[in-house]
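This one's a predicted model, so the numbers in the text were calculated from it and none came from an experiment.
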There are 2 protein chains.
Amino acid sequence: MPNSAYLLYSITEVEPNGYYFSQFKSMDPICMFGTFDAPIALIHRMEVERAKQEGRFSKVLDLKLYQERAEKELGAPTLSNAIFLAAKDCGFTNFTIPHDFPAQLFSDLTQLGIKLEIAKAPLFPQRAIKSPQEIEQCRTGAAISEAGFARVKQILQQSSISADDSLIYEGQTLTCEFLRKEIRVACTMAGGGQNSPIAASGPQAADCHCIGFGPVKAHEMIVVDIFPRDDASYMYGDLSRTFVKGTPSDKMRDIYDTVYQAHQAALACFGPGKPLGAVDKAARAVLEQRGYPTRLREDGLWEGCYCGIGHGVGLEVHEFPFIRETDETMEVGQVITIEPGLYIPEVGGCRIEDTIVITKEGYEFINTPNYDWIIE
Amino acid sequence: MPNSAYLLYSITEVEPNGYYFSQFKSMDPICMFGTFDAPIALIHRMEVERAKQEGRFSKVLDLKLYQERAEKELGAPTLSNAIFLAAKDCGFTNFTIPHDFPAQLFSDLTQLGIKLEIAKAPLFPQRAIKSPQEIEQCRTGAAISEAGFARVKQILQQSSISADDSLIYEGQTLTCEFLRKEIRVACTMAGGGQNSPIAASGPQAADCHCIGFGPVKAHEMIVVDIFPRDDASYMYGDLSRTFVKGTPSDKMRDIYDTVYQAHQAALACFGPGKPLGAVDKAARAVLEQRGYPTRLREDGLWEGCYCGIGHGVGLEVHEFPFIRETDETMEVGQVITIEPGLYIPEVGGCRIEDTIVITKEGYEFINTPNYDWIIE
């Protein structure tokens, strides 16, 4: 059984367990320890007041004062010595730490006699079960993503198709870079941050993580994946859609319909107590039956659905639980994406991603699904 | 002497050493190892092609294939087993790792017989010495920050002062939240990401990391700190200014002038071979001589300049070298902020921050300094 006291050292602005533990936004690494119900901060002087006001700490300790004591009592004002003294003052000698706890501190604190047990990931399994408030925050994340999609659709609708199949928006050749910038602006205006959304046009989108470069072409599939973080709650939204401006080829229509059918087959597998592995199986079965197996081609490129079918979303874009071959079952309150896709090097990519929450009755959408994909 | 081979495991989108080593942008943790001149990626199948095209890897290995081998040869398809096999294949058994290398991997790989030496921070000291190309990237970061300042000034100029000293912009009460959102939009449009800029008005800004909440008031100091990351290079800009819309009090004028004098005194200390500690000393001397010592008050609040006087800036907003009591000397190519400030609980905050680069001749500004602070 893990210790009931935790020790974390991280930049909570980018490290989700630290933020979950503290509810405090820091852009420098901070030390946090204690039980989940009474977290304690050991923090730079200039963050002490803000930590008291904005964090959920039961106690906020001034790191500088502990470093001064460490110099006197232990001979050096090191971070590990300061943590050792602060932990002792608060009655702790054993901690559970996350798997990504910094190795140097791990080594130094162990030498000082503090017992550190590395948690089997995830550190806080309860993060996967969202409270009603957290589900609302997930809805906010999804709404911020949808603000990005609204802007993408508006731009594609207002674009015209030139003689060489380029798109022209407000007199300029429409590029993936422009779309991504406009997505980020729309997300920012809607209250969220989005570093590098995907807006990839044509064959480049056969690489499912290619963010997209160069001109957007008519009659090609455009994969758009928008996963912003709500500024207030740090909760992510994550949605993807595939569009064609103009006229898709028959092959593209077949790919889109196949992905849509896989998506529907996957959705039918969601519900409390149901196995996560069945979602993966159902989606992949449709893709294969329709003639799109996943395979490593002789030219060394992957084809088919070589990405995951879905994942939990919350304080991380990709978090527990993951949809994969597994015996784990779904629980009420889990927020999960469902995103089958097909990636064919010569043609491009196609992905349809929604986010749902498992409910007592089955599941509910976190976003407002809409599958229109051809933009005239 | 450290090993010449490194091992990293990190999300390069948020972890600067991994990005510096790979020049590859990933939003999931990836494993990278080898010498600095020939880095190798061990990476998820769906990132392999992108890593080959976008990263500076000499070799890109498919993690899945190594996990399959690990299952057969070592009995379990774990990450550590896969890394062990991949390292062996490439002829490595010893690595230098960063201080924040994940504890679990550190422990597992050590047990497998891989020798891991934790680097004395920083892992890549050469990061502090910017190449001409990196200096240009720093200038881009600063220019993105300046786009944010231009927007702040425009909004303050176009605001009117209401009877209760609120500011009215486009018919609405101007808030810190609105200013911060507009800063982020301006930075995004200029090619950068900026998560949580500071725009704090009045006494709240006496907490130097308070990002600002609620209405912006006339005749109060507004601290604005904008530190965006250039999307293309991941290089940060970092600049701060303090504004008053309306008429500052005599106290505010004295505070601003004191900070400006401290800033000038600090600047005079920059140059190759000069001690970093002298900058700290010179700035603090001015603040104290002008009657603003740094002290912990009886009410438990800090007053004066309880923040640092400056720091390196690059792939991190705050990175080596730091301006503090130290014997280290400056080197050509270091990019450093200079940001003395005064924080007085009843009055508010005042900070003036520029970024400079150390040159053979002395130093050059990275930004275009302008010290107008009173906006009519």
- Note on the structure: By residue number, those in residues 176-188 of chain A with heavy atoms under 4.5 Å from heavy atoms of chain B are Lys181(A), Glu182(A), Arg184(A), Val185(A), Thr188(A)
- Task: Give, for atom CH2 of Trp302(B) and atom OH of Tyr343(B), the distance between the pair rounded to the nearest 0.5 Å.
- Result: 14.5 Å
- Item | Per-residue contact mode, Ser26(B) against chain A (heavy atom under 4.5 angstrom) | neither
- Under 4.5 Å to a heavy atom of chain A? For Leu301(B) that would be side chain
Measure [X] against the heavy atoms of chain B and call it side chain, backbone, both or neither at under 4.5 Å.
X         : answer
Gln53(A)  : neither
Ser10(A)  : neither
Lys52(A)  : neither
Asp108(A) : neither
Val48(A)  : neither

- Message: Restricting to side-chain contact (heavy atoms from CB on, under 4.5 Å), what partner residues turn up for Asp100(A), sequence neighbours left out?
- Response: Pro98(A), Pro102(B)
- Query: Do Glu71(B) side-chain atoms and Gln67(B) backbone N/O form a donor-acceptor pair below 3.5 Å?
  - Reply: no
- Message: Would the distance check show the side chain of Thr294(B) and the main-chain N or O of Cys305(B) forming a donor-acceptor pair, the cut-off being under 3.5 Å?
- Response: yes
- Item | salt bridge (charged side-chain N to carboxylate O under 4.0 Å, His left out) partners for Glu170(B), two or more places apart | none
- Query: Does Glu47(B) have any salt bridge (charged side-chain N to carboxylate O under 4.0 Å, His left out) partners at least two apart in sequence or in another chain, and if so, which?
  - Reply: Arg50(B)
- Query: Using the ring of each side chain (for Trp, its six-membered ring), is His318(A) parallel, tilted or perpendicular to His311(A), with breaks at 30° and 60°?
  - Reply: perpendicular
- Within 45 degrees of the axis of the six-membered ring of Tyr234(B) and under 6.0 Å from its centre: does Lys25(B) put its NZ or CZ there? yes
- Note on the structure: Highest number of heavy-atom pairs under 4.5 Å with chain A among Val317(B), Ile211(B), Asp28(B), Ile11(B) belongs to Asp28(B)
- Looking only at heavy atoms, what is the nearest atom pair of His99(A) and Ile118(A), with distance? CA-CG2, 3.6 Å
- Query: How close do Ser196(B) and Glu13(A) get, heavy atom to heavy atom, and via which atoms?
  - Reply: OG-OE2, 2.9 Å
